[in-house]
Protein chains: 2
Amino acid sequence: MTQQKTDATSDKDTGPEGGFVSDYLLYLLAAASDVASAQFHAQVRKAGLRVPEWRVLACLSDTDGAMITQLARQALAEQSRLTRIIAQMEERGLLIRRSDPADGRRVRVYLTDAGRALAAELVPQARRHEAALIEMLKGNEGAHLKPALKSLLAALDGSADTQG
Amino acid sequence: MTQQKTDATSDKDTGPEGGFVSDYLLYLLAAASDVASAQFHAQVRKAGLRVPEWRVLACLSDTDGAMITQLARQALAEQSRLTRIIAQMEERGLLIRRSDPADGRRVRVYLTDAGRALAAELVPQARRHEAALIEMLKGNEGAHLKPALKSLLAALDGSADTQG
DNA sequence: CAAAACTATATGAAAAATCATATTGTTTGC
DNA sequence: GCAAACAATATGATTTTTCATATAGTTTTG
């Protein structure tokens, strides 16, 4: 007996085909997010931004004048982290911080022309990349992906408890 | 004119309803992964594990004796990070490292009884949590979520180029 | 209007993650 | 069977991220 692949893990493999992990929703979500983002995140870095910086830029290009806390939620980063990212982006001249006249605690963040220019370059790239991804999924179940994700997000927004 | 909400960002909000970000696939994926995982990851931490440790445990409970590189792929972590996580988990007695007799470069990782016991506790928790999530989606588009994610992953595996 | 409770942001210290590269072991081509 | 190329893991230095908490500003209550 030449012992040819008895115990499931002889050579390289992305994962065990039939195990728990490969069919586990939280794994599928994290893996899909990772893999799908990798390509575009490379473009982001080529443009001289880190991923959270790109996210801030994109959020601001949607909603200029957002506050730090809002941006943290939208960019999926922690507040203290956002504070620092904003500070760095301000130093680079991509945005400016201005305290809200109506409430001095709030810091509102606005894109500069440079920031807006960068966003105007990256957002279309993001759209094209997204279109390419979606193109890959034509005909498959993948057509339901965005609606399904929105449905999940909608279901989870507004359920802080219910879980033991 | 009482100026009542002219510029889109008056108060708290999860995101601008109609902007680019809130309909962008990579955002939806990352946000869904984050939000959906948050609940369960809290349970993981209660069990005394960090998220990547839980992932390693789950992978090993599927495929005992996996190598570091394999685990890195499956647990969505970098190799050097995995090396350190494995070292720490070994110190805690959750697993052991053994070099592969067939190829001395490879380190195969095996759960100890303690590790297996912890996995036997957490994996069912994960399954229950997943079931609860999926239950929330009944009737909606959410039913397609797992197939759609698998379809995306399948489409992306084996396309290193194609992107400019 | 002062004290208490709360909210938004900032910051120091610590932990986690990454990057480049070293180390160790294996395969290949000559 | 030795040198070159390759592969898997480890490690030092650095950067990123988190955590706890400080600071500053606002609202509420009596």
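Quick note: numbers below take in every heavy atom, side chains included, and nothing from hydrogens, waters or symmetry partners. Because the structure is predicted, anything quoted here is derived from the model rather than measured. To find a chain, count down the sequence lines: A is the first, B the second, and so on, and within it residues start at 1.
One can place CG of A:Leu49 at 13 Å from P of D:dT16, the figure rounded to the nearest angstrom. B:Arg45 has its CZ atom 14 Å from the C1' atom of C:dA15, to the nearest Å. The CZ atom of A:Arg50 sits 14 Å away from the P atom of C:dT18 (whole-angstrom rounding). Here the C1' atom of nucleotide D:dT9 and the CZ atom of B:Arg73 are 14 Å apart, to the nearest Å. Rounding to whole angstrom units, CG of residue B:Leu76 and P of C:dT18 are separated by 11 Å. Look at CG on B:Leu82: it is 15 Å from P on D:dT11, rounded to the nearest Å. What separates CD of A:Gln70 from C1' of C:dA8 is a distance of 12 Å, to the nearest Å. The distance between atom CE of A:Met67 and atom C1' of D:dG25, rounded to the nearest whole Å, is 12 Å.
When atom types are taken as modelled, the side chain of A:Asp100 and the backbone of A:Val107 share no donor-acceptor pair closer than 3.5 angstrom. One N or O on the side chain of B:Glu90 and one on the backbone of B:Arg97 form a donor-acceptor pair closer than 3.5 Å.
Near DNA chain C, meaning a heavy atom under 4.0 Å from it, residues 86-104 of chain A has A:Arg97 in order of number.
Remark: A:Glu53 engages A:Arg50 in a salt bridge, criterion side-chain N to carboxylate O under 4.0 Å. Salt-bridge formation is not detected for the pair B:Glu141/A:Lys150: no Lys NZ or Arg NE/NH1/NH2 atom is positioned less than 4.0 Å from an Asp or Glu carboxylate oxygen.
For the pair B:Thr69 and A:Ser80, both in contact range of DNA chain D, the more 5′-proximal nearest nucleotide belongs to B:Thr69.
At a cut-off of 3.5 Å, with distance as the only test, a side-chain donor of B:His129 or B:Gln39 sits close to an acceptor on the other residue.
Aromatic ring pairs are classed by plane angle as parallel below 30°, tilted from 30° to 60° and perpendicular above 60°; the pair A:His144 and B:His144 is parallel.
Remark: A:Arg105 CZ to A:Thr69 OG1 distance equals 10.0 Å, nearest 0.5 Å. Rounding to the nearest 0.5 Å places CG of B:Asp23 at 3.5 Å from NZ of A:Lys146.
At the heavy-atom level, B:Glu78 lies under 4.0 Å from the strands shown only through sugar-phosphate atoms.
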Listed pairs, N/O of protein and of nucleotides 2-7 of chain D, under 3.5 Å:
| unit_1 | atom_1 | unit_2 | atom_2 | d |
| --- | --- | --- | --- | --- |
| D:dA7 | O4' | B:Arg105 | NH1 | 3.2 |

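A:Tyr27 does not carry B:Arg55 over the face of its six-membered ring by the limits of under 6.0 Å from the centre and within 45° of the normal.
Side chain A:Gln79 to base C:dA10: a donor-acceptor pair is found below 3.5 Å.
The nucleotide whose nearest atom lies closest to any side-chain atom of A:Arg84 is, among C:dG12, C:dA8, C:dA10, C:dG12.
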